[in-house]
Amino acid sequence: MQLDLWLLLGASLILCAIVAVRLSTSAGLPTLLAYLGLGLLIGESGLGLRFDNAELAEVLGLAALVLILAEGGITTDWQKVRRSVPAALSVSTIGTLVSIGIVAVAAAWLLDMDWRLAFLLAAVLAPTDAAAVFSVLRRLPLPSRLTGLLEAESGFNDAPVVIVVVTLSAAKAADHAPNLVELAGVMVYELVVGGLIGVAVGWAGVYALRRMALPASGLYPIAVLSLSVGSYGAANLLHSSGFLAVYVSALVLGNARLPHRPATRGFAEGIAWLAQIGLFVMLGLLASPSDLPAQIVPALVIGFVLLLVARPVSILISTAGFKFSMGEKLFASWAGLRGAVPIVLATIPMVKDVPGASRLFAIVFTIVVLFTLLQGPTLPLVARWCGLKDDSRARELGVEAAPLEELHADLLEIRIPDDSHLNGVEIFELRLPRGASITLVVRDGESFVPEPTTTLRAGDTLLVVTTAEVRDIAERRLRAVSRRGKLAGWFGETGA
């Protein structure tokens, strides 16, 4: 009977979280706020459910982050982020260290905090959150290079920060200063080996899955996710960065031409949503609402230092030489969303019995809630102020691909936005490359096979079959016409 009750409560909680996703999306807020709110609602100050096991929270939190990072790697389009990877690595390492230094000085000076605890607080707050970044930024029509920078940063920066937080927590608990030279050596070793393990597991998985005929299509998504999670365990066994390994292996597997890629992406997204719901609700349960009001002022002080000083300075320094515009740098500074990662990292000092760890957790939790409320809804406005978002121009086309394995071809599904220049273009005027063809048009709920002279309309859904060799050319051509009209490419334009 007890099992029946818990299953009913668990299912009801997940359904409430799904409804909360819809409401928070409509409001332009990251979904983490809805989940944290649910956790606080059913906690000891709400419905009375008590949860104060920091050690269990750390273990479950890290496990959930592994799944969220794996989904982030699987669903990230390498073609869109690869130009931004060097800059993202710089922001994830150099930028992170700069941010930690500025926030630590501010915490020690403004909050009269012990230096080691100040650096620990700064390190916990350093990483951006993949779930928060993906849930907000993928809904904004931003330059692909900027989106790639922020997505890759959120995937890469967990790894170095975890190393710093664990080292500083151990040093603070033992009441001795950390060896910075030793810390730098450990960080280099863990990041290099973790990255290599991620690449090796990804390539090995691609090689095996391309040659292995599994008896059911549903096994391929499970295999891909298991390989990604397995890379985390393998890296940790070699005392290297498991977070970097899982993200890199998932990035390799997610961008390889494997059987049932759409099903794999859908499965990974579903598992990640479930992990996010469980993670944020659990963190909401772990927080003590009675401890939070006293930390509002310290949280505002450190949060504004992070948002208005540390993040902009770290972005300016770490992106120097990468040719980002000032508008892009300003937006990247504002878009450094914090979420589950800092809250989970704040449980590490609690587990290691670091003096002041409870206050640190309350400050971090309060910062995440307050500044997510501030940053999330204002991102579209900030993008417009920075000259990055223009509602008058055609929006980027959304493309979903399903591999046709036997034909070595892709099926692209494209919906024409209301403000697209594809509206009014005849199909032959698209000048698609040889090997790509519009095979079906869905209009007003009815489908038909188009003629070369068929005129496309806003709201149409197009099914395009293309060989793998010309898929990128076909996508670039369709996007070019969508943005600039049917004459795009005639006057020296590449259409890219």
Side-chain angles (χ1 to χ4, degrees), residues 10-11 14-15 17-18 21 31 60-81 130-131 133-135 138 151-152 154-155 158 197-236 242-280 340 398-413 463 468 471:
I14 292 174
L15 291 173
I18 292 172
V21 171
T31 54
L60 294 178
L62 293 176
L65 290 181
V66 168
L67 294 174
I68 293 169
L69 272 178
E71 185 267 342
I74 289 171
T75 59
T76 295
D77 188 339
W78 173 250
Q79 298 300 322
K80 293 181 180 179
V81 305
V133 170
F134 291 167
S135 67
R138 288 182 177 178
E151 289 190 9
S154 66
D158 293 352
I197 290 174
V199 171
V201 171
W203 283 350
V206 170
Y207 180 85
L209 291 175
R210 281 177 174 172
R211 290 160 176 79
M212 186 184 303
L214 297 179
S217 61
L219 294 176
Y220 286 93
I222 296 174
V224 169
L225 195 61
S226 298
L227 285 165
S228 301
V229 174
S231 68
Y232 175 88
N236 277 356
F243 282 111
L244 186 59
V246 69
Y247 183 73
V248 171
S249 63
L251 193 62
V252 173
L253 289 162
N255 285 273
R257 290 187 57 81
L258 293 177
H260 307 291
R261 281 176 63 192
T264 299
R265 289 170 62 95
F267 178 78
E269 289 173 352
I271 292 295
W273 276 113
L274 190 60
Q276 288 181 52
I277 292 170
L279 172 60
F280 292 127
V399 178
E400 292 293 336
L404 308 175
E405 290 91 7
E406 295 183 1
L407 302 177
H408 303 286
D410 287 340
L411 177 63
L412 309 181
E413 178 181 335
L463 297 186
R471 171 185 167 177

Inset, instruction - Start with the C-alpha gap between Gln276 and Ile68, add the side-chain angles, then the distance that decides, and say whether side-chain contact (heavy atoms from CB on, under 4.5 Å) holds. - result: CA-CA 7 Å; Gln276 288 181 52; Ile68 293 169; 3.6 Å; yes
Inset, instruction - List the steps and the verdict of side-chain contact (heavy atoms from CB on, under 4.5 Å) for Val224 and Leu258. - result: CA-CA 10 Å; Val224 169; Leu258 293 177; 4.2 Å; yes
Inset, instruction - Report the C-alpha separation of Leu279 and Leu60 in whole Å, then their side-chain angles, then the decisive distance to 0.1 Å, and conclude whether the side-chain contact (heavy atoms from CB on, under 4.5 Å) test is met. - result: CA-CA 7 Å; Leu279 172 60; Leu60 294 178; over 6 Å; no
Inset, instruction - Decide side-chain contact (heavy atoms from CB on, under 4.5 Å) for Asp158 and Leu65; before the verdict, give the C-alpha distance in whole Å, the side-chain angles of both, and the deciding distance to 0.1 Å. - result: CA-CA 10 Å; Asp158 293 352; Leu65 290 181; 5.5 Å; no
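Of all heavy-atom pairs between Ser228 and Ser249, the closest is CA-OG, 3.5 Å. Closest approach of Tyr232 to Phe243, counting heavy atoms only: CD1-N, 3.7 Å. Residues Glu71 and Ala268 come closest through the heavy atom pair CG-O, 3.3 Å. Counting all heavy atoms, side chain and backbone alike, Tyr247 lies closest to Gly72 at CE1-C, 4.0 Å.
Applying side-chain contact (heavy atoms from CB on, under 4.5 Å) to Ser231 and the options Asn236, Leu253, Val201 leaves one that passes, Val201.
Here the CG atom belonging to Asp410 is positioned 4.5 Å from the CZ atom belonging to Arg471, to the nearest 0.5 angstrom. Expressed to the nearest 0.5 Å, how far CG of Asn255 lies from OG1 of Thr76 amounts to 7.5 Å. Atoms CG and CG, from Leu62 and Leu67 in turn, are 11.5 Å apart once rounded to the nearest 0.5 Å. Distance check: Arg257 CZ to Leu209 CG gives 14.5 Å after rounding to the nearest 0.5 Å. To the nearest 0.5 Å, atoms CG (Leu251) and CG (Asp77) are separated by 9.5 Å.
Considering only heavy atoms from C-beta on, Val252 stays 4.5 Å or farther from Trp78 through its side chain. For the pair Thr75 and Glu269, the minimum side-chain heavy-atom distance is below 4.5 Å. Put simply, the side chain of Leu225 reaches to within 4.5 Å of the side chain of Ile74, judged on heavy atoms.
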